[in-house]
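Per chain, numbering begins at 1; letters A, B, ... match sequence-line order.
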2 protein chains.
Amino acid sequence: MLMQKSHAFEHAETTNETVLAGQSLSSLFFASVAESYPAGKAICREGDEAKHLFQIVEGVVRLHRIIGDGRRVITAFHFAGDLIGASLPSDFLFTAEAVTDCKIRRVSRKSFHDDVARSDTLHPAYISLLCHEMTAAHEQMVLLSKKNAEERLCSFILKLASRSSPLSAQGLLRVPMNRQDIADHLGLTIETVSRTITKLASRKIVIPEGRHDLQIVNLARLAQLSGDADDFSEKSCHRVSLH
Amino acid sequence: MLMQKSHAFEHAETTNETVLAGQSLSSLFFASVAESYPAGKAICREGDEAKHLFQIVEGVVRLHRIIGDGRRVITAFHFAGDLIGASLPSDFLFTAEAVTDCKIRRVSRKSFHDDVARSDTLHPAYISLLCHEMTAAHEQMVLLSKKNAEERLCSFILKLASRSSPLSAQGLLRVPMNRQDIADHLGLTIETVSRTITKLASRKIVIPEGRHDLQIVNLARLAQLSGDADDFSEKSCHRVSLH
DNA sequence: CGTTAACTTGACTTCGTTCAAGCGGAGTGG
DNA sequence: CCACTCCGCTTGAACGAAGTCAAGTTAACG
């Protein structure tokens, strides 16, 4: 029941550096036994003392914060191979919950840091991991700050696709989280997420297959619409340098 | 002209840990000579190879990214004592520009990391710094994701106030950046920033004195309006735990 | 004291939210 | 196997907060 095949590092494209970082750091988790979390179960809670770090062996996890009244912000989703809690000084800044059924390994924060400090390979791997998380946070700020609903959705779908295994067969993308999770991650409402997907579908850019799968028809168009201007084709180059 | 009084660590309230972190890491910059940057000048540019880390001796710096067409996101402001570029793997993820005239020290990335790795006190300080940056990034995501214009402005003013020296005399807060900078940091337009400040002024919560100073009249109210629910007074506690 | 850039204010538009109703598929029980 | 129910999602219509466009106003600087 636990330990299974451990297909922990099959995410497709991130930087070499990052993949290496993940791999070497995971060695610290091999000794631990993977625990099962059913979908919806909390792994750790915002404000709890961060005694442990977690590694996802299997499944998808969401990290969220809740402010004031019920407003929820999902700061990140994490997938098989990812560590949770690496960038925490003392307390958890977020609640982590299983989106799907998960298998998760756990090590104590202290032993993790001791091991990292002791090793010449683990240490840069750890730094690299933190920097990568920082990069993701910046991307998310840009998304939340300047992108409209369509750009947000396209960015999200692209990021999901880039993490998934080779887009299983002919471009069918698994979307493990529900609409509310997506909305809370993109700073939108569930209705806007739904409408935007419908709009993308009507334009034959993606085709929804049930609630949790997307046929990606036009990846290039998706990239254009994400607002990241990876190509400088269209009206992309009007930056007015004021100094 | 360089080196002056070096009032580098006068920010008021962050965690002890963080202040210590800043202090010990700054020892690495003492050997360098402080260079002057006039307001508006770029310190480093997004995409450049990150050969150096910077420490602000004096002045205020903005970090920004530009996406697609001219849309600019200011991911953070930094003040005297802060390091710039600590959370970067290889390339700069942002452009850093002087908001006010600045004095800045610079060390090579390599020597910085060598020194940090070599020292038992510097290393945790560095980790702590990264974690603190991550926390700030999370806060910003929450702000951009769920707060309205008024909450954003109040949060911003509060954060500024908490960084400033003891709120110079009777609550007069220096706001070094212009309206456009504030707008680009809060994910608003310049007009909305202006209107919102006017509204806060009409309610006697702050009183603007010129373009770059704010008399803070009602700090408590400001905190309430920031939407962070530090107090659980009003309608704050309706979180529906679904599991 | 005059010029100019930065800021404020007003009128109108827009995109996303809100509120409300309808749809559909997975699970349950007859 | 079908009918029923429930929940997650979609769709529609009305609303509203912030954006846009266009004047004014202010204050910073020479």
### Query
Using a cut-off of 4.0 Å on non-hydrogen atoms, how would the nucleic acid contact of A:Thr198 be classed: base, sugar-phosphate, or nothing?
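Answer is sugar-phosphate: A:Thr198 comes under 4.0 Å of backbone atoms only.
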
### Query
Of the nucleotides D:dT20, D:dA18, D:dT11, which one has an atom closest to the side chain of B:Ala149?
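The closest nucleotide is D:dA18.
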
### Query
salt bridge (charged side-chain N to carboxylate O under 4.0 Å, His left out) with B:Lys199: which residues, sequence neighbours excluded?
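With sequence neighbours excluded, B:Lys199 shows a salt bridge (charged side-chain N to carboxylate O under 4.0 Å, His left out) to B:Glu150, given in chain and number order.
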
### Task
Please identify each residue that fulfils salt bridge (charged side-chain N to carboxylate O under 4.0 Å, His left out) with B:Glu139, with sequence neighbours left out.
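Applying salt bridge (charged side-chain N to carboxylate O under 4.0 Å, His left out) to B:Glu139 gives A:Arg65.
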
### Query
With a 4.5 Å limit on heavy-atom distance, are the side chains of B:Phe94 and B:Ile74 in contact?
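Answer no - side chains too far apart.
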
### Task
Measure the shortest side-chain to side-chain distance between B:Glu97 and B:Val61 over non-hydrogen atoms and say whether it is less than 4.5 angstrom.
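No; the side chains remain at least 4.5 Å from each other.
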
### Message
Could you tell me the boundaries of the chain A footprint on DNA chain C, defined by atoms under 4.0 Å from its heavy atoms?
### Response
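Answer, 5' to 3': C:dG16 to C:dG24.
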
### Message
For the backbone of A:Ala96 and the side chain of A:Arg45, can you confirm whether one donor and one acceptor N or O come within less than 3.5 Å of each other?
### Response
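No: the side chain of A:Arg45 does not pair with the backbone of A:Ala96.
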
### Query
Hey, does the side chain of A:Asn178 reach the backbone of A:Gln180 with a donor-acceptor pair shorter than 3.5 angstrom?
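At least one qualifying donor-acceptor pair exists.
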
### Message
Here's a test of your reading of the structure: between B:Arg195 and A:Lys199, which maps to the more 5' nucleotide of DNA chain C?
### Response
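Comparing both residues, the 5'-ward one is B:Arg195.
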
Round to a whole Å and report the spacing from [atom1] of [X] to [atom2] of [N].
X: A:Asn148; N: D:dT20; atom1: CG; atom2: P; answer: 11 Å
X: A:Ile197; N: D:dC9; atom1: CD1; atom2: P; answer: 9 Å
X: B:Glu151; N: D:dA17; atom1: CD; atom2: P; answer: 12 Å
X: B:Glu150; N: D:dG16; atom1: CD; atom2: P; answer: 17 Å

Closer than 4.0 angstrom, basic N to acidic O: yes or no for [X] and [Y]?
X: B:Arg72; Y: B:Asp181; answer: yes
X: B:Arg163; Y: B:Asp82; answer: yes
X: A:Lys103; Y: A:Glu35; answer: no
X: A:Lys159; Y: A:Asp228; answer: no

### Task
Please lay out, stage by stage, how B:Lys146 and A:Asp184 fare under the test salt bridge (Lys or Arg N to Asp or Glu O under 4.0 Å).
CA-CA 9 Å; B:Lys146 290 283 136 106; A:Asp184 287 347; 3.4 Å; yes

### Query
Where along residues 180-190 of chain A does a heavy atom come under 4.0 Å from DNA chain C, residue by residue in number order?
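Those residues are A:Gly187, A:Leu188, A:Thr189.
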
### Query
Checking side chain to side chain contact (heavy atoms under 4.5 Å, CB included) for the pair B:His185/B:Phe77: CA distance, chi angles, key distance, verdict?
CA-CA 9 Å; B:His185 183 52; B:Phe77 291 103; 3.6 Å; yes

Review item, nucleotides 22-28 of chain D N/O atoms under 3.5 Å of protein N/O:
from, atom 1, to, atom 2, distance (Å)
D:dT26, O2, B:Arg211, NH2, 2.7

### Closest approach of A:Met134 to B:Ser87 (non-hydrogen atoms, all atoms of both residues)
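The pair with the smallest heavy-atom distance is CG-OG, 3.5 Å.
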
### Query
To the nearest 10 degrees, how far apart in direction are the end axes of the helix from C:dC1-D:dG30 to C:dG30-D:dC1, each fit to five base pairs?
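That helix has its two terminal axes inclined by roughly 30°.
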
